[in-house]
Amino acid sequence: MNKQTNSTALRSHLCGDMRVENIGQKVTLCGWVGRRREHGEHLAFLDLRDFSGIVQCVVDNSVDVRSEWVLRITGTVQARPAGTVNDNIPTGKVELADCTIEVLNNAEPPPFPIDQRGDDVDENVRLKYRYLDIRRERMQKNLRLRASVNSAIRKSMESQGFTEIETPLLMPSTPEGAREFLVPSRNEPGSFYALPQSPQLWKQLLMVAGIDRYYQIAKCLRDEDLRADRQYEFMQLDAEMSFVNKDDVMAMISTAVIAAAKAATGSEPPPIERMTWHDAMNHYGIDKPDLRFEMKLIEMTEVFAKTEFKAFASAESIKAICVRAAEYPQQAASGRNKLDALTDKAKKLGAKGLVWIKVTEGFVLDSPVAKFLSESEQSQLISLTKAEVGDLILMVADTWSTTCSVLGQLRNDLGRPPVHEGPYRYVWVVDFPMFVGINPTTKMPQPGHHPFCHPHHEDVDRLESDPLSVRALAYDLVLNGWELGSGSIRIHEPDLQRRVFRQLGISDEDADNRFGFFLQPFKYGAPPHGGFAFGIDRLVAILAGEDNIREVIAFPKTQSGSDPMTNAPTTVNPNQLNELGIRLLPPAAK
RNA sequence: GGUCCCGUGGUGAAGUUGGAGUUCACGCCGCCCUGUCAAGGCGGAGGUCGCGGGUUCAAGUCCCGUCGGGACCGCCA
C-alpha cells in the first residue's frame, strides 16, 4: 500500500512502519492495546497494534488503558536506549515517547489472546469471535495474501485479453450435478430459483454471444457436506475462451496460476508438468496425484501371471507399493494390529484383500502368503520394488481400477504430508475418460464429467462402438494432491451433443426438457470453445501454508454448515414463510 | 448416511485401578515495581467437568443416549 494513503484525519502513520528513519518525528498513531508492561508509578510500555504491526509506546503508568482498548497516541519517535533493542519485531529499534493518549474506545478483555497463542484456541471459539480472530497477524496475513492472489489473477486475465462479466446468482435449477441451494420465489409461490454451483451455463452462452474471452472471480454454492477443502460457498476463477484447443486454455490458466503463486510467495514456480489420467491412476492410483512423495504403484501383473497363489491367479491387475523404512520408519514397522487395520481399510475400499510382506534380514519375506510365492516371484518382487531390509510391501490384486484406487488411497494414508508442506507440485492431469464405467442398472455409460464435455477428436468415432475407450478433452489442475480445478473443451456441435446424450441414456426429448434453454442457443452458431474454473480458496490456503480453507476465508462455516458467530442458519418469521407460500413439515421422526 | 477423534473456570492443558472441583500455565481484578517486550513479585476472584440418563456406597473418570466441534468415506456431473 502507498504509505501516503495510510495517513488519515486521525493518524499520520502506521504502527508497524516506524523505523529508525522516523526518529525525531512527531507522529500520531491509532490502534489497539496489545500488551502492557508496568514498571512502577510512572513507567509502563504499551504495544500499540494496527494491521501493519506493533510499536512500543513509553507511557506514564497512571494511565488506565487495558487490553484491546482503541487508542490514538501522539508522540515522538525515538531510538531505544542501548541494550533495549528488540530484534524480534521490525519496529524494535525505536519507540514512541512523550505520549499523549486519547482513548477512542474501551473494550472488554478478549476471550483469547490476540496473538500467536490464538492458534491453539478451539476453532469454534475463534469462529464465534471471528472479528477478534481476524485481528491476529495470521488471519491478517492470510486475508491480505488472498487479496493479492485475486489481484494477480485479475491482472493476468486482463492482460491476456479476458473480459470480466458478472453472471446471475438467481437462476433456474439444473437437474444434474451437486445439490443446489434453493431460493423460493415470492412472486411465483411454489417456484424456486437455484444458486449457481458454477457459472458454467452462463459462460458458455457468453461464448455463443461472441464475447470471445470471459472471466469472473465468481462465488459458487454447493449444498454438499463440508470438509477441510470444501465450504458451501467458495470462490472460483471461472474462464471461457472461443476458437481454442485445450493447450490454449491450459496455457492461459497456467499463466494466471503462476502469476498468483508468484504474487503470494515471491518466487515463480516452474512450468506446470502434464500427466495423462491413465498414468495418474496407474502410478498414483488417484486422479489428483500428490507428486511430493514417491511410493508409486508398481506393476506386478506379469510377475504373477502363472502364480500358484490363488488370490493372485487370474487377477486383472496386480500392483504393489513399497513403504520404505528409510522414509517411513513407523509405517514400515507396522505391527500386526496396524496391518490388520490396513487390510480392513483395503476391503472397505473395495479390494478383496490386502497382501502385506515385510522384508526382513537377508531379504527373507515375512508374510502370511510367502509360502505360496515361488522363489522367482519373490526375487522379482524385491527387485521391481527395489525393497530394502525393513521395508513393507503392500499388494492388491483385483480389477485395474480397484487395484489402483485402493493402493492409491493407502499410499496417501501412509505417506502423504500435510498439504501445505513444500515444495509446490502443480500438475495438469489430461485425457480423462469420457465415461467412467457402466451403470449396472441402466446398462448405460456413466459420465465422468458434465455432459457438455467434448470427446477427444481421435476417439469420436468410437462413441457408440466402444464408449469406455473414448477420452474427453478434459483436464484438471492439481496442486499437492488437491484438485484446484478442472476444465474442458465443450461440445459446440448440436449433433455431437445429441450423440453424447444418447450414450448417457438421455433421449432428444429428455435433453430438450432438461437442458432446453441451454441447448437452444447452440443452434444459432456456437463457436468452438473451452474453459476452466479453479478454486481460489484452495490455492490460497496452500500458498498461505494452511491445510484448511477456513483459515483463508473471513467468515467460514463449520463442518455442519453453521456459523457460531451469527448462529446461521436460523428459523424465520412465520410471516416470511406465508408470503413465500411455504409451510414447514414437522421434524422427521427418527 | 457411515467410521474415527475431541468436549474440565475466559483460554490452553493435567487429572492414575472410580474416592472431596484437585492441579499447572496464560488471561482477569487489586497491590508493588523506572527499561520491559509472551516483563517480574505478592494477593484475589472465577467452574452444574457440554447436556440427559444409567451402573456404584461413591462418577470429570465406567456404560447408554444426545448436543456441539474436528478428520475422513459416501457425496461434491
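Numbers restart at 1 for each chain; the letters A, B, ... are given by sequence-line order, proteins then strands.
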What is the base-pairing partner of [N], counting Watson-Crick and G-U wobble geometry with both distances under 3.5 Å?
N: B/rC29; value: B/rG43
N: B/rU3; value: B/rA71
N: B/rU16; value: none
N: B/rU55; value: none

Which value, in whole Å, describes the distance between the [atom1] atoms of nucleotides [N] and [M]?
N: B/rG15; M: B/rA39; atom1: C1'; answer: 31 Å
N: B/rA20; M: B/rG60; atom1: P; answer: 9 Å
N: B/rG12; M: B/rC75; atom1: C1'; answer: 36 Å
N: B/rG18; M: B/rG2; atom1: P; answer: 31 Å
N: B/rC32; M: B/rA59; atom1: P; answer: 46 Å
N: B/rC28; M: B/rC67; atom1: C1'; answer: 30 Å

Checklist entry - B/rG27 phosphate, OP1 or OP2: any side-chain N/O from A/Arg35 under 4.0 angstrom? => result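 It does, given that an N or O in the side chain of A/Arg35 lies less than 4.0 Å from OP1 or OP2 of B/rG27.
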Next on the checklist: Under 4.0 Å from OP1 or OP2 of B/rA71: is there any side-chain N or O of A/Asn548 that close?
Outcome noted: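 Checking A/Asn548 against B/rA71: at least one side-chain N or O falls below 4.0 Å of OP1 or OP2.
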Can you find an N or O donor on one side and an acceptor on the other, under 3.5 Å apart, linking the side chain of [X] with the base of [N]?
X: A/Gln56; N: B/rU36; answer: yes
X: A/Arg80; N: B/rU36; answer: yes
X: A/Glu95; N: B/rG35; answer: yes
X: A/Arg230; N: B/rC75; answer: yes

[X] with [Y]: basic N within carboxylate O range, under 4.0 Å:
X: A/Lys288; Y: A/Glu483; value: no
X: A/Arg136; Y: A/Asp119; value: yes
X: A/Glu551; Y: A/Arg138; value: yes
X: A/Arg66; Y: A/Asp64; value: yes
X: A/Arg499; Y: A/Glu493; value: no
X: A/Arg49; Y: A/Glu68; value: yes

Item to check | Cation-pi, A/Phe234 ring and A/Arg538 (6.0 angstrom, 45 degrees) | outcome: no
Send over the distance from [X] [atom1] to [N] [atom2], rounded to a whole Å.
X: A/Leu43; N: B/rC33; atom1: CG; atom2: C1'; result: 10 Å
X: A/Gln236; N: B/rA77; atom1: CD; atom2: C1'; result: 13 Å
X: A/Ile114; N: B/rG27; atom1: CD1; atom2: P; result: 13 Å
X: A/Trp69; N: B/rC28; atom1: CH2; atom2: C1'; result: 14 Å
X: A/Glu123; N: B/rG7; atom1: CD; atom2: P; result: 17 Å
X: A/Arg37; N: B/rG27; atom1: CZ; atom2: P; result: 12 Å
X: A/Glu108; N: B/rC29; atom1: CD; atom2: P; result: 11 Å
X: A/Leu221; N: B/rC76; atom1: CG; atom2: P; result: 17 Å

Item to check | salt bridge (Lys or Arg N to Asp or Glu O under 4.0 Å) against A/Arg130, all qualifying residues, sequence neighbours excluded | outcome: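 With sequence neighbours excluded, A/Arg130 shows a salt bridge (Lys or Arg N to Asp or Glu O under 4.0 Å) to A/Asp133, given in chain and number order.
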Checklist entry - Partners of A/Asp287 by salt bridge (Lys or Arg N to Asp or Glu O under 4.0 Å), sequence neighbours excluded? => result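 None.
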Item to check | side chain to side chain contact (heavy atoms under 4.5 Å, CB included) against A/Asp547, all qualifying residues, sequence neighbours excluded | outcome: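 Side chain to side chain contact (heavy atoms under 4.5 Å, CB included) check on A/Asp547 returns A/Pro418, A/Val419, A/His420.
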Checklist entry - For A/Asp98, what residues pass the side chain to side chain contact (heavy atoms under 4.5 Å, CB included) criterion, not counting sequence neighbours? => result A/Thr76
Sequence neighbours excluded and cut-off under 3.5 Å, please list the side-chain donor-acceptor pairs for residues 339-347 of chain A, or say none.
unit_1: A/Thr343; atom_1: OG1; unit_2: A/Leu339; atom_2: O; d: 2.8
unit_1: A/Lys345; atom_1: NZ; unit_2: A/Asp413; atom_2: OD2; d: 2.7

Checklist entry - In Å and rounded to the nearest 0.5 Å, what is the CE to CD1 distance from A/Met18 to A/Ile89? => result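 Interatomic distance, A/Met18 CE to A/Ile89 CD1, rounded to 0.5 Å: 12.5 Å.
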Item to check | Members of residues 468-487 of chain A that approach RNA chain B, where some heavy atom sits under 4.0 Å away | outcome: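 Result for residues 468-487 of chain A: none.
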Checklist entry - When you measure from every atom of RNA chain B, which of residues 81-92 of chain A have a heavy atom less than 4.0 Å away? => result A/Pro81, A/Thr84, A/Val85, A/Asn86
Classify [X] by what it touches in the nucleic acid, base, sugar-phosphate, or nothing, heavy-atom distance under 4.0 Å.
X: A/Pro564; value: nothing
X: A/Arg550; value: sugar-phosphate
X: A/Ala228; value: sugar-phosphate

Checklist entry - When every nucleotide of nucleotides 47-52 of chain B is labelled 5' to 3' by its protein contacts under 4.0 Å (heavy atoms), B for base, S for sugar-phosphate only, - for none, what sequence of letters results? => result ------
Item to check | Expected output: side-chain A/Glu240 to main-chain A/Lys203 donor-acceptor under 3.5 Å | outcome: no
Checklist entry - Are any side-chain N or O atoms of A/Arg550 and backbone N or O atoms of A/Pro556, one a donor and one an acceptor, separated by less than 3.5 Å? => result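 No; judged by distance alone, with no hydrogens or angles, the pair does not exist.
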Checklist entry - Distance only, no hydrogens: is a donor on one side chain within 3.5 Å (strictly under) of an acceptor on the other, for A/Glu464 and A/Gln503? => result no
Item to check | Side chains of A/Asn61 and A/Arg36, donor plus acceptor under 3.5 Å | outcome: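 Short answer, yes.
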Item to check | Earlier contact from the 5' end, RNA chain B, for A/Asn61 and A/Glu38 | outcome: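 Checking each residue's closest nucleotide, the 5'-ward one belongs to A/Asn61.
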Next on the checklist: On RNA chain B, compare the nucleotides closest to A/Glu41 and A/Gln200; which residue's is nearer the 5' end?
Outcome noted: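 Residue closer to the 5' terminus by nearest nucleotide: A/Glu41.
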Output a table of nitrogen or oxygen pairs between the protein and nucleotides 1-3 of chain B separated by less than 3.5 Å.
unit_1: B/rG1; atom_1: O6; unit_2: A/Asp225; atom_2: OD2; d: 3.3

Checklist entry - Does A/Phe45 lie flat on the base of B/rU36, that is, centres under 5.5 Å apart and planes under 30° off? => result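 Base of B/rU36: stacked against A/Phe45.
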Checklist entry - According to the salt bridge (Lys or Arg N to Asp or Glu O under 4.0 Å) rule, which pairs have a member within residues 467-477 of chain A, sequence neighbours left out? => result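 Listed by first then second residue: A/Asp431-A/Arg471, A/Glu458-A/Arg471, A/Asp459-A/Arg471.
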Give me the distances for all protein-to-nucleotides 13-15 of chain B N/O pairs that come in under 3.5 Å?
none

Next on the checklist: Test of understanding: with ring-ring contact (aromatic ring centres under 6.0 Å, His included), list the residues that count as partners of A/His492, not counting sequence neighbours.
Outcome noted: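 Once residues adjacent in sequence are excluded, A/His492 has no partner under the ring-ring contact (aromatic ring centres under 6.0 Å, His included) criterion.
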